[in-house]
Amino acid sequence: MDTVKQFPDPQSMAAAAARRFVDLAAVNVKAKDQFNVVLAGGSTPRLMYELLASTHRGAVEWENVCFFWGDERSVPGDHPDSNYRMARVAMLDHLALPAENVHPIPGEREPDEAAREYASILRSHFKEAVTPEFDLVLLGMGEDGHTASLFPYTDALQIRDQPVTANYVPRMDTWRITLTIPVINAAHNVLFLVSGQSKADALRAVLAGPYSPRKYPAQFISPQNGELKWYVDDAAAALL
Ligand code: 6PG
């Protein structure tokens, strides 16, 4: 069931998201000794990641957590724009994590090659499952309603037979690598984090407007057997 939880500010939203991560990690580690989570990029999740590496550092059995990414810019992992770098600085560097638990998208590779390589990493981790089933997928949303690197009217929106794809984004004249819609929708839990006044128009369109997912790709996200939650702050929810 989709639920939208509204918080007064980014700080309380991040705190709630961190608590949800801790809760889901405990349930999954207890059930199967592993918690497979997809991290979101951009800037919104940073505060949540910082809380996980500080306030909640002792509350998670990090050795059982495996980190993946929902998308990556076509840059090396030490580039200021790298989603991997953001999560590493905000969280991963502060955790006692086995290196083999961290699976960044190889953004330094040529985009199609990076997508093939990541698909191979997913196949190996998920024992050749046709569609990997993540325990938690964290997502942000752009002002245009994109999520991960599923941008409006781009080719990645049509991909249904690959878990990962390279995606050229004409508006930014850049390549991205992104998980595809079927993989995100196969997740057991999907959690959007959306904050700030700049997202208010897109959030109203996505949550309350007509179904037009090629224009607002976040509308494609509808886990078939999982739970979808939106954590939004007052500023982003101002038009709901
Ligand atoms: C990226 C993200 C992207 C992000 C949104 C929101 O690589 O940029 O994956 O989907 O979540 O663009 O970004 P902000 O959190 O910075 O607003």
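One-based numbering, in listed order, for ligands and for the atoms of each. Throughout, residue positions are numbered sequentially from 1 according to the sequence presented.
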Given S149, A148, A236, identify the one with the heavy atom nearest to atom 3 (C) of ligand 1. A148

Quick check with a 6.0 Å cut-off and a 45 degree axis cone: is R160 positioned over the face of F220's six-membered ring? yes

Identify the two heavy atoms, one from Y118 and one from W69, that lie closest to each other, and give their separation to 0.1 Å. OH-N, 3.1 Å

Testing the basics here: between R73 and D81, what is the closest heavy-atom pair and its distance to 0.1 Å? NH1-O, 2.6 Å

Contact region, E72 to ligand 1, non-hydrogen atoms below 4.0 Å, reads neither

What part of T44, side chain from CB on, backbone N/CA/C/O, both or neither, has a heavy atom under 4.0 Å from ligand 1? both

Using a strict 4.0 Å cut-off to heavy atoms of D71, name the atoms of ligand 1 that fall inside it. 1 (C), 2 (C), 7 (O), 9 (O)

In plain terms, say whether D144 and K215 are close enough for a salt bridge, that is, a side-chain N and a carboxylate O under 4.0 Å apart. no

So is T147 polar-close to ligand 1, meaning N/O to N/O under 3.5 Å? no

Close-contact set for ligand 1 against M141 heavy atoms, below 4.0 Å: 5 (C), 6 (C)

Sub-4.0 Å heavy-atom contact, R73 with ligand 1: yes

Return the residue, atom name and 0.1 Å-rounded distance of the protein heavy atom closest to atom 13 (O) of ligand 1. G42 CA, 3.9 Å

For E227 and H188: C-alpha separation, side-chain torsions, deciding distance, then whether side chain to side chain donor-acceptor pair (under 3.5 Å) applies. CA-CA 6 Å; E227 192 166 71; H188 300 160; over 6 Å; no

With F68, which of F134, Y84, F35 fulfils ring pair (Phe, Tyr, Trp, His ring centres under 6.0 Å)? F134

Report whether L228 and L191 are members of the same hydrophobic cluster (ILVMFWY, side-chain heavy atoms less than 4.5 Å apart, transitive linking). yes

Distance under 4.0 Å to a non-hydrogen atom of G140: what atoms of ligand 1 satisfy this? 11 (O)

Just let me know how N83 lines up against ligand 1, side chain, backbone, both or neither, with a heavy-atom cut-off below 4.0 Å. side chain

Can you name the atoms of ligand 1, numbered from 1 with element, that are less than 4.0 Å from a heavy atom of R176? 1 (C), 7 (O), 8 (O)

Nearest protein heavy-atom contact for atom 5 (C) of ligand 1: which residue, which atom, what distance? H146 NE2, 3.5 Å

Work out whether the distance between some heavy atom of A40 and some atom of ligand 1 is less than 4.0 Å. no

If you look at every heavy atom in T44 and L193, which pair is closest and at what distance? CG2-O, 3.8 Å

How about Y231 and F7: are their ring centres within less than 6.0 Å of each other? yes

At a 4.0 Å threshold, what atoms of ligand 1 neighbour a non-hydrogen atom of K199? 6 (C), 14 (P), 17 (O)

